[in-house]
Q: 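Got a structure here, written out as structure tokens. Questions coming.
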Amino acid sequence: MFKALAIAGFSLSSLVISNVAQANWQLVNDKSQLSFVSIKKDSIAEAHHFTNLEGMLSDKGEFSVNVDLTSAETLIPIRNERLATFLFEAAKFPNAVLTANLTKELSNIKKPGQYILKGIKAELDFHGNKKPLAIDVLVNSTQSGDLTVSSLTPIIINSDDFGVTEGVKKLQELAGLPSIATAVPVTFAITLKKQ
């Protein structure tokens with residue numbers, strides 16, 4: 001769901017200086033999870049997740065999480081394949097990217113402790129469509145400077161907002177189901193290690 005941020009245009013000298021002057025945090029994939037719940041037949045809910053995430057928080061407060069859409073894990077291989085092929089169209093849109101600017105909050109969350117951040121302005125770039133989101137997160141900052149960031153409330157992703165409703169219908173047809181919900185709650189818990 002999330003395309004990687006690219007930073008270009010730095011000279012070699014400015015890149016060296018910025019690396020010394022700034023501390024960045026990198027997402028730790030094996031200590032992070034992005035989950036979503038699908039609902040079929042009106043009442044059967046199943047939890048799924050993505051196995052490949054990348055992300056960072058810069059010392060300027062630029063936050064991004066890049067989701068490899070081919071890494072959806074539903075515990076059913078054919079369903080994983082169908083999600084990637086027909087819903088996400090991962091051959092064309094391999095990633096989804098969530099970005100946010102935490103500049104105002106960064107000075108607080110650098111200090112050890114627990115922080116609730118409400119109404120963070122974010123943007124989701126998914127399936128060629130971008131949509132602003134307001135998300136509530138819980139941030140824990142350790143003495144070592146590492147961070148854990150988790151959703152305080154689920155984020156509801158509507159298929160119409162991102163042009164994937166036809167993909168949902170295709171999945172429904174292939175699985176022979178009477179219905180699949182087109183609104184999906186998403187939650188995340190990620191660990192960011194200070195570099």
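In this chain, numbering begins with 1 at the start of the sequence shown. Quantities reported herein were computed from a predicted structural model and do not represent experimental measurements.
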Q: Please lay out, stage by stage, how Gln195 and Met56 fare under the test side-chain contact (heavy atoms from CB on, under 4.5 Å).
A: CA-CA 10 Å; Gln195 300 299 294; Met56 66 163 289; over 6 Å; no
Q: Cluster question for you: counting only ILVMFWY and a side-chain heavy-atom cut-off of under 4.5 Å, with indirect links fine, are Leu174 and Leu83 together?
A: yes
Q: Please check this pair: side chain of Asn29 against backbone of Thr51, looking for a donor-acceptor N/O pair closer than 3.5 Å.
A: yes
Q: In a check of side chain to side chain contact (heavy atoms under 4.5 Å, CB included) between Leu138 and each of Leu117, Ile116, Thr153, which one passes?
A: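 In the set Leu117, Ile116, Thr153, the residue that makes a side chain to side chain contact (heavy atoms under 4.5 Å, CB included) with Leu138 is Ile116.
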Q: Tell me the closest heavy-atom pair linking Phe50 and Leu69, and the distance in Å.
A: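 For Phe50 versus Leu69, the nearest heavy atoms are CE2-CD2, 3.9 Å.
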Q: Does the Asn129 side chain pair with the main chain of His127, one donor and one acceptor, at a distance under 3.5 Å?
A: yes
Q: Would the distance check show the side chain of Gln172 and the main-chain N or O of Leu177 forming a donor-acceptor pair, the cut-off being under 3.5 Å?
A: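 Checked: pair present.
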Q: Looking at Ser151, Pro154, Ser35, which hits side chain to side chain contact (heavy atoms under 4.5 Å, CB included) with Phe188?
A: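 By the side chain to side chain contact (heavy atoms under 4.5 Å, CB included) criterion, Phe188 pairs with just one of Ser151, Pro154, Ser35: Ser151.
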Q: Would you say Ile155 and Ile39 are hydrophobically clustered, going by side-chain heavy atoms of ILVMFWY under 4.5 Å?
A: no
Q: Using a 3.5 Å distance criterion without hydrogens, assess whether the side chain of Asn140 forms a donor-acceptor pair with backbone atoms of Tyr115.
A: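 Between the backbone of Tyr115 and the side chain of Asn140 there is no qualifying donor-acceptor contact (under 3.5 Å).
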Q: Does the Thr191 side chain pair with the main chain of Val28, one donor and one acceptor, at a distance under 3.5 Å?
A: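 Judged by distance alone, no pair lies under 3.5 Å.
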Q: Count I, L, V, M, F, W, Y as connected when their side-chain heavy atoms are under 4.5 Å apart, and connections chain through other members. Are Ile44 and Ile180 then in the same cluster?
A: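 No, Ile44 does not connect to Ile180 through the hydrophobic network.
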Q: Say whether, by atom type as modelled, one donor and one acceptor occur between the side chain of Asn158 and the main chain of Asp160 under 3.5 angstrom.
A: no
Q: Decide yes or no for Lys110 and Asp59: does some side-chain heavy atom of the first lie under 4.5 Å from some side-chain heavy atom of the second?
A: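 Answer yes - side chains close enough.
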Q: Could you check Glu62, Lys121, Glu123 and say which one makes a side chain to side chain contact (heavy atoms under 4.5 Å, CB included) with Thr99?
A: Glu123
Q: Please assess His49 against Glu73 for the test side-chain contact (heavy atoms from CB on, under 4.5 Å), listing each intermediate value before the final yes or no.
A: CA-CA 5 Å; His49 67 280; Glu73 181 55 72; 3.8 Å; yes
Q: Below 30° counts as parallel, above 60° as perpendicular, anything between as tilted: where do the rings of Phe36 and Phe88 land?
A: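 Perpendicular, since the angle between the ring planes exceeds 60°.
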Q: Is the backbone of Lys130 close enough, under 3.5 Å, to the side chain of Asp125 for a donor and an acceptor to pair up by distance?
A: no
Q: Under a single-linkage definition using a 4.5 Å side-chain heavy-atom cutoff for Ile, Leu, Val, Met, Phe, Trp and Tyr, are Leu133 and Val164 assigned to the same hydrophobic cluster?
A: yes
Q: Can you tell me if Trp25 uses its side chain to pair, donor with acceptor, with the backbone of Phe63 under 3.5 Å?
A: no
Q: Taking 4.0 angstrom as the limit, do Lys118 and Asp136 come out as a salt bridge?
A: no
